[in-house]
Amino acid sequence: MPDIDQIRQLIEMMVSNDLVELSVRDGETEVTLRRPNPKGSETVFHAIPSYSGPMPAMGPSGGGAAGSTVEEAATELVEIRSPMVGTFYSAPDPESPPFVQAGSHVGPATVVCVLEAMKVFSEIKAETSGTIERVLVGNGEAVEYGQPLFLVKPS
Amino acid sequence: MPDIDQIRQLIEMMVSNDLVELSVRDGETEVTLRRPNPKGSETVFHAIPSYSGPMPAMGPSGGGAAGSTVEEAATELVEIRSPMVGTFYSAPDPESPPFVQAGSHVGPATVVCVLEAMKVFSEIKAETSGTIERVLVGNGEAVEYGQPLFLVKPS
Amino acid sequence: MFRRILIANRGEIALRIIRACRELNIEVACVFSEDDRGSAYLELADQAICIGGASPKESYLKSDRLIAAAEVAKADAIHPGYGFLAENAAFAEKCRACNIEFIGPNAAAMRLLGDKASARSVAKRAKVAIIPGSDGVLEDDNEAVRLAEKIGFPVMIKAAAGGGGRGMRVAYDKTDLLSSLKQARQEADNAFKDSSVYIERYIDRPRHVEVQILADRHGNVVHLYERDCTLQRRHQKLVEESPSPAIDTRTRESLCAAAVKLAKAARYDSAGTVEFLVDSRGRFYFIEVNTRIQVEHPVSELVTRIDLIKAQIRAAAGEPLGFVQKAVRPAGHAIECRINAEDPDEKFRPCAGVVEKFRVPGGPGVRVDTHGYEGYRLSPQYDSLLAKLLVHQPTRPEAIRCMQRALREFHIEPLRTTLPFLRKMMAHPDFLDGNIDTGFVERSF
Amino acid sequence: MFRRILIANRGEIALRIIRACRELNIEVACVFSEDDRGSAYLELADQAICIGGASPKESYLKSDRLIAAAEVAKADAIHPGYGFLAENAAFAEKCRACNIEFIGPNAAAMRLLGDKASARSVAKRAKVAIIPGSDGVLEDDNEAVRLAEKIGFPVMIKAAAGGGGRGMRVAYDKTDLLSSLKQARQEADNAFKDSSVYIERYIDRPRHVEVQILADRHGNVVHLYERDCTLQRRHQKLVEESPSPAIDTRTRESLCAAAVKLAKAARYDSAGTVEFLVDSRGRFYFIEVNTRIQVEHPVSELVTRIDLIKAQIRAAAGEPLGFVQKAVRPAGHAIECRINAEDPDEKFRPCAGVVEKFRVPGGPGVRVDTHGYEGYRLSPQYDSLLAKLLVHQPTRPEAIRCMQRALREFHIEPLRTTLPFLRKMMAHPDFLDGNIDTGFVERSF
């Protein structure tokens with residue numbers, strides 16, 4: 001194993017000189033470094049979700065809004081996404097406990113939150129069965145269309 | 001593990017000469033470097049001759065001006081290039097026969113043409129030995145710096 | 001003045017409004033659809049909010065979602081741009097009902113002028129010449145025939161709610177008229193969910209000349225002179241210029257005065273455009289009003305040095321214009337070319353895809369308004385306008401030469417665009433002579 | 001008028017001249033070095049001619065090859081741009097001896113004004129205020145010391161053939177003076193092959209204000225008002241604007257009048273710039289004349305709506321100016337920012353390499369002059385100017401806001417540029433107040 005410091009130097013040179021591949025071999029010792037080809041990697045449109053259906057209630061598709069969470073989610077978890085633009089409320093009213101929280105079991109008809117837009121409150125249903133893995137939005141936060149609200153581990 | 005400094009030097013050469021790949025092997029030691037193909041790969045600058053000496057009389061290097069001819073030439077033929085901007089004359093005067101033509105044998109001191117600029121006529125020597133394979137410029141044509149004038153098959 | 005504006009639009013006009021807000025020091029939020037996610041202009045807004053799927057029906061036309069977006073963005077005004085909901089009076093009222101100012105005229109003026117039949121009666125009252133025809137919507141075919149015979153064939157059939165040439169037909173005789181009426185109603189119904197049509201005298205070889213109006217909430221109305229938009233293809237404008245090469249000073253003055261009269265009669269209180277047809281003898285007829293900012297507004301900005309978007313925002317915020325008609329002094333000649341992702345060799349079929357090479361012209365006298373860049377993905381969901389190339393020079397010949405060299409510098413690949421067509425246009429003797437009419441493109445290409 | 005012009009320069013100024021020629025309907029040939037082969041601007045010329053290797057000595061400075069190129073291109077004039085041979089009187093004469101017009105002033109005026117010492121005597125004759133100092137080159141150190149004590153320390157040492165701050169030194173006392181003289185002569189010798197220097201009174205916290213001159217071969221001379229270039233770093237201009245925020249109307253008028261007087265005294269007959277230092281009390285002193293077009297010329301084009309390159313070409317072709325001073329009516333406020341490929345965090349060290357991301361601003365009031373594009377390879381051989389970003393707005397505050405939003409839109413990667421520095425500048429209270437001097441950048445950053 002070559003000295004870590006040398007490798008660090010190699011990486012620095014690689015990045016500062018914008019190389020995509022660097023490989024060094026010396027007898028038994030071999031180091032190979034690779035970076036993504038910068039071409040087009042800055043153009044953001046790769047982040048556009050693959051689907052473009054009318055309204056994605058849920059689904060493991062990689063949604064732009066959720067970033068890495070989604071990638072991770074894509075493996076096994078399922079998202080519940082916002083079907084609208086509005087304000088997220090985790091409970092029916094300030095006094096009541098939240099509809100669901102991490103660990104809650106949900107069925108397709110389970111109400112998981114309400115979204116308020118133009119003074120109208122809409123109940124959002126899970127539309128899937130499983131256990132809430134994570135709540136992705138805080139109470140009272142604004143959410144946009146297609147934004148993941150919950151991660152659910154399907155049962 | 002080869003000396004980091006050597007690698008740094010390699011990278012510098014690579015970047016300053018705008019190479020996309022560089023790999024060096026020396027017995028046990030081996031270094032491979034790769035850079036992204038520049039976006040503007042359509043931009044012609046790849047055609048810049050690698051040398052940038054004051055005046056390229058000849059040389060098998062792929063010269064921008066000559067295009068495909070050069071690629072072909074690069075394999076075995078040698079170019080005689082214009083060291084200046086001016087007008088190409090294949091003969092000393094309208095009455096005389098051309099200095100050389102396809103098939104002529106030339107030595108380093110053989111005059112192959114004259115170039116006129118600002119009323120001054122300069123004799124151009126072959127500066128290589130071999131047989132003229134092709135004359136690339138017509139009598140009286142304007143030539144630019146570095147433009148291939150003749151292809152020579154070395155003897 | 002507004003603290004934060006929500007832009008309920010996309011593409012180049014969204015970018016244009018972002019620029020105006022930045023310069024006015026107003027915060028700006030911009031909505032976007034799934035298909036516009038990642039567009040570079042969104043990075044220039046203080047906030048970008050996804051409001052729905054790619055199809056306009058699912059996003060830019062969804063009024064509730066736009067207002068909800070304005071609420072979560074805490075915006076105190078919405079700029080509709082052009083197209084989509086820009087001329088929808090109901091949307092304007094809905095915004096204002098939610099205490100969000102709609103940056104455009106009052107709803108009454110929008111309704112009055114948005115419907116062509118009622119717009120005609122306003123013009124009549126204001127003593128502005130109109131094209132002889134049915135006053136308002138046609139009851140039935142018999143009325144249409146009687147009227148057509150009175151006006152004299154050929155007659156033009158138009159959709160009352162129409163625009164962009166949809167639902168338009170020319171009828172040369174009675175039988176022609178009856179079949180055309182049917183088609184026109186059909187088209188109008190598909191396009192506007194409103195099949196009502198009207199007819200008017202068909203003006204042969206007219207020029208399309210429109211007057212830019214700027215008005216405030218205090219009753220001040222000025223005009224920013226005219227734009228000549230005669231170079232059209234199927235009623236789609238391709239090139240606009242100011243001043244018009246085809247009208248003399250006297251015509252110009254009465255044309256602009258007529259537009260102001262009409263705007264005042266309708267109590268208009270924002271930026272808008274009054275469109276006229278000008279016949280070969282210089283007589284002009286009012287045709288319609290656009291109660292919004294237009295694609296070609298920069299032409300007037302260049303000759304008057306007035307920023308129309310800023311002025312429109314100030315007016316909506318209740319500020320008085322702050323200048324009088326005499327202060328509007330046009331200078332030089334401006335031309336706009338619309339660079340659309342359309343294939344001129346295939347009936348201007350729209351093209352979509354990723355822009356790989358995008359080199360815009362620059363230098364003196366050149367203005368470019370575009371949301372495009374290398375790597376931009378042009379969606380087939382929206383209109384094909386990719387860039388507006390404008391030039392401003394002391395005289396028309398200089399402006400044309402400047403446009404020629406700028407068009408030569410503009411490179412877009414691999415998408416097909418109208419660039420080659422526009423290069424031909426700028427070298428066409430009839431255009432150089434200013435000797436064209438609205439039918440020129442169909443006849444010549 | 002000329003039939004065909006050869007451009008003996010590169011980069012943005014070559015592109016600027018190509019654009020002017022296109023608009024004047026003059027054919028244009030452009031030379032290039034091996035390092036500039038394939039640059040996009042060359043595609044816009046009618047002919048491109050390789051004249052030598054990457055190093056300027058091997059190409060853009062090789063007068064014989066430039067003239068030979070003009071001959072093979074059958075050009076009847078050479079435009080030298082700025083830098084390289086633009087102020088070389090011998091080159092101008094050589095061109096004209098070959099019946100190729102040099103687009104610039106007559107050689108006598110170039111020599112007279114090109115040498116600072118003789119330029120000072122012209123100014124003196126023309127009764128234009130100069131900075132007290134040695135009349136012409138210093139014979140020896142003793143003379144320098146005597147003079148310095150007469151003028152009063154601190155004194156400024158300058159190279160007679162100098163420019164861009166090379167060979168410039170400030171001396172605060174006698175010993176300081178003697179060592180500085182040595183260094184200055186050394187630098188001057190290296191930079192200009194001419195070690196002669198002179199000294200003058202050092203003006204504390206001055207502003208750099210220059211007047212744009214336009215003259216023809218018929219004795220007509222007008223000024224296009226001033227440019228304030230006070231925002232410099234080590235005598236390298238970073239930002240230029242017009243009008244100057246620091247001088248009043250009376251100062252402006254006498255400043256411009258002085259510049260015209262001086263130009264007439266030197267029988268100047270082309271475009272040129274007369275540079276002044278303005279002290280805190282509004283007194284101005286002539287410093288030097290640039291007998292060429294300048295990088296920042298577009299600032300004056302925006303406020304006067306006069307195309308300087310076209311005018312310069314017309315004058316060289318022997319055409320009279322065609323307008324008088326009263327016809328030059330400046331309007332609005334213009335600012336230019338120079339976007340250089342330099343790292344502001346590393347003492348503005350020049351950066352070279354391939355431009356991968358290049359997004360230029362646009363929209364109202366914005367002008368961009370650049371030879372850059374995505375894929376452009378910036379050579380370390382030449383200066384680091386990559387783009388000139390200009391704005392034109394009715395007032396200075398509006399111009400600054402417009403510049404701020406335009407700088408925000410400008411994206412260049414991966415090369416380091418002066419963009420972040422310029423963004424800071426445009427938000428700096430002292431710049432906003434117009435309250436800076438030529439030492440501002442060194443003191444504040």
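To find a chain, count down the sequence lines: A is the first, B the second, and so on, and within it residues start at 1.
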Exercise. What distance do D:L44 atom CG and C:E409 atom CD have between them, rounded to the nearest 0.5 Å?
Worked result: 5.5 Å
Exercise. When rounded to the nearest 0.5 angstrom, what distance separates CZ in D:R408 from CD in C:E43?
Worked result: 10.0 Å
For this session: Flag the one option from D:H411, D:K388, D:R401, D:R16 with the top tally of heavy-atom pairs under 4.5 Å to chain C.
Result: D:R401
Exercise. Among residues 304-311 of chain D, which residues come closer than 4.5 Å to chain C, judged by heavy atom distances?
Worked result: D:D307, D:K310
Exercise. Among C:Q404, C:E398, C:Q393, which one satisfies side chain to side chain contact (heavy atoms under 4.5 Å, CB included) with D:E23?
Worked result: C:Q393
Seminar exercise, completed: Assert top hit (heavy-atom pairs under 4.5 Å, partner chain D, pool C:A406, C:A20, C:G365, C:G362) equals C:G362
For this session: Check C:R359 against D:A40 and note the closest heavy-atom contact, atom names and distance.
Result: NH1-CB, 3.4 Å
Exercise. What part of C:P298 is in contact with chain D, defined as an atom under 4.5 angstrom from a non-hydrogen atom: side chain, backbone, both or neither?
Worked result: neither
Problem set entry | Taking every non-hydrogen atom, the tightest pair across D:P361 and C:R19 | C-NH2, 4.1 Å
Problem set entry | Flag, side chain of D:R22 to backbone of C:C402, donor-acceptor distance under 3.5 Å | no
